[in-house]
**Student:** 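Submitted below is the structure of interest, expressed as structure tokens.
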Amino acid sequence: MLRKMGEAVARVARKVNETVESGSDTLDLADCKLVSFPICIYKVLRNVSDQIHLITLANNELKSLTSKFMTTFNQLRELRLEGNYLYRLPNEVSSLQHLRAIDLSRNQFQDFPEQLTTLPALENINLEENEIVDVPVERLAAMPALRVINLRLNPLSAEVRVIAPPLIKFEMLMSPEDTQAPPP
């Protein structure tokens, strides 16, 4: 058990060091068994956090992200959080004014994260395979850059399915009404 934990910590440290040493604009911590974003990474990346434009935290065990994460990496263009246990986003996600794409698929959202509707550059939202019933269609329709929102495999209400199509100018991907999310 301790050996596996040690290997996971070493893997995270190696990936963070690669980002710093190479001057990369990408931090990839996918599949690292993270239950939270390691606090020590803020210190290691403090001089390069403004240069990071893509963070991948996919397929971990995250239940939440902190406001500090959002405000530290406020130059993000893409955030990949698929395959975690997230059910909400901090209000500070609104500080990600340059964010163009966010992947929140395969998480545990029951409510649409409405803070996303305040992001002016956001073009692509992936919320596939969550538990979302209602969507703020009017607020989404007012988003200037939104091109695609993926809501497949969500138990969307009939109202959303009827109201959304005539109001939106972007592509809204939905499963057919009789399609259910696969059992866990």
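Numbers here simply count residues along the sequence, with the first being 1.
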**Student:** Rounded to the nearest 0.5 Å, how far apart are CG of L146 and CE of M172?
**Tutor:**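 Spacing of CG (L146) from CE (M172) equals 8.5 Å.
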**Student:** If you compare all heavy atoms of Q108 against all heavy atoms of N130, which two are closest, and at what distance to 0.1 Å?
**Tutor:**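 Taking Q108 first and N130 second, the nearest heavy atoms are N-OD1, 3.2 Å.
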**Student:** Compare every heavy atom of N84 with every heavy atom of N59, then report the nearest pair and how far apart it is.
**Tutor:**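 Minimum heavy-atom contact is N-ND2, 4.0 Å.
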**Student:** Is L79 close to F69 at the side-chain level, that is, under 4.5 Å between some pair of heavy atoms?
**Tutor:**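 The answer is yes, as the side chains (C-beta and beyond) meet within the 4.5 Å cut-off.
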**Student:** Taking atom CG of N150 and atom CD of E128, what is their separation to the nearest 0.5 Å?
**Tutor:**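 Reported value, rounded in 0.5 Å steps: 4.5 Å.
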**Student:** Is the shortest distance from a Lys or Arg side-chain nitrogen in R106 or E129 to a carboxylate oxygen in the other one below 4.0 Å?
**Tutor:**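 Salt bridge: no.
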**Student:** Is it true that atom NZ of K43 has more than 12 heavy atoms of other residues, nucleotides or ligands lying nearer than 6.0 Å?
**Tutor:**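 No.
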**Student:** Quick check on E61: does its CD atom have over 12 non-hydrogen neighbours (other residues, nucleotides or ligands) under 6.0 Å away?
**Tutor:**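 Above 12, so yes.
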**Student:** Which heavy atom of N60 sits nearest to which heavy atom of A30, and what is that distance?
**Tutor:**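 Where N60 meets A30 most closely, the heavy atoms are ND2-CA, 4.0 Å.
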**Student:** Just how far is it from atom NE2 of H53 to atom OG of S24, taken to the nearest 0.5 Å?
**Tutor:**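 It comes to 10.5 Å.
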**Student:** Within a strict 4.5 Å, meaning less than it, do heavy atoms of the N107 and Y87 side chains meet?
**Tutor:**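 Side chain of N107 against side chain of Y87, heavy atoms only: no contact under 4.5 Å found.
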**Student:** Would you call R88 and P113 a side-chain contact if the rule is heavy atoms closer than 4.5 Å?
**Tutor:**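 Side chain of R88 against side chain of P113, heavy atoms only: no contact under 4.5 Å found.
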**Student:** Considering residues, nucleotides and ligands other than Q97, do more than 12 of their heavy atoms fall under 6.0 Å from its CD?
**Tutor:**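 Check passes, neighbour count above 12.
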**Student:** Does the plane of the ring in F37 sit parallel, tilted or perpendicular to the ring in F73? Use 30° and 60° as the thresholds.
**Tutor:**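 Perpendicular.
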**Student:** So how far is it from D31 CG to K15 NZ, rounded to the nearest 0.5 Å?
**Tutor:**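 With rounding to 0.5 Å, CG (D31) is 7.0 Å from NZ (K15).
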**Student:** Indicate yes or no: at least one non-hydrogen side-chain atom of L156 is less than 4.5 angstrom from one of M174.
**Tutor:**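 The answer is yes, as the side chains (C-beta and beyond) meet within the 4.5 Å cut-off.
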**Student:** Let's go through S105 and D103 carefully: what are the C-alpha distance in whole Å and the side-chain angles of both, what is the deciding distance for side-chain hydrogen bond (donor to acceptor under 3.5 Å, both in side chains) to 0.1 Å, and is it a yes or a no?
**Tutor:** CA-CA 6 Å; S105 61; D103 190 340; 2.7 Å; yes
**Student:** Check this for me: R147, atom CZ, are more than 12 non-hydrogen atoms of other residues, nucleotides or ligands nearer than 6.0 Å?
**Tutor:**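 12 or below, so no.
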**Student:** Testing T72, D25, L45, N74 one by one against I52 for a side-chain contact (heavy atoms from CB on, under 4.5 Å), which residue passes?
**Tutor:**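 Among T72, D25, L45, N74, the one that satisfies the side-chain contact (heavy atoms from CB on, under 4.5 Å) with I52 is L45.
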**Student:** Can you tell if the side chain of L89 reaches within under 4.5 Å of the side chain of L104, non-hydrogen atoms only?
**Tutor:**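 Yes, close enough: below the 4.5 Å cut-off.
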**Student:** Once rounded to the nearest 0.5 Å, what's the spacing between atom CG of L151 and atom CZ of F112?
**Tutor:**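 It is 7.0 Å, given to the nearest 0.5 Å.
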**Student:** Return the CG to CD1 distance between L76 and I55, rounded to the nearest 0.5 Å.
**Tutor:**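 Rounded to the nearest 0.5 Å, the CG-CD1 separation comes to 4.5 Å.
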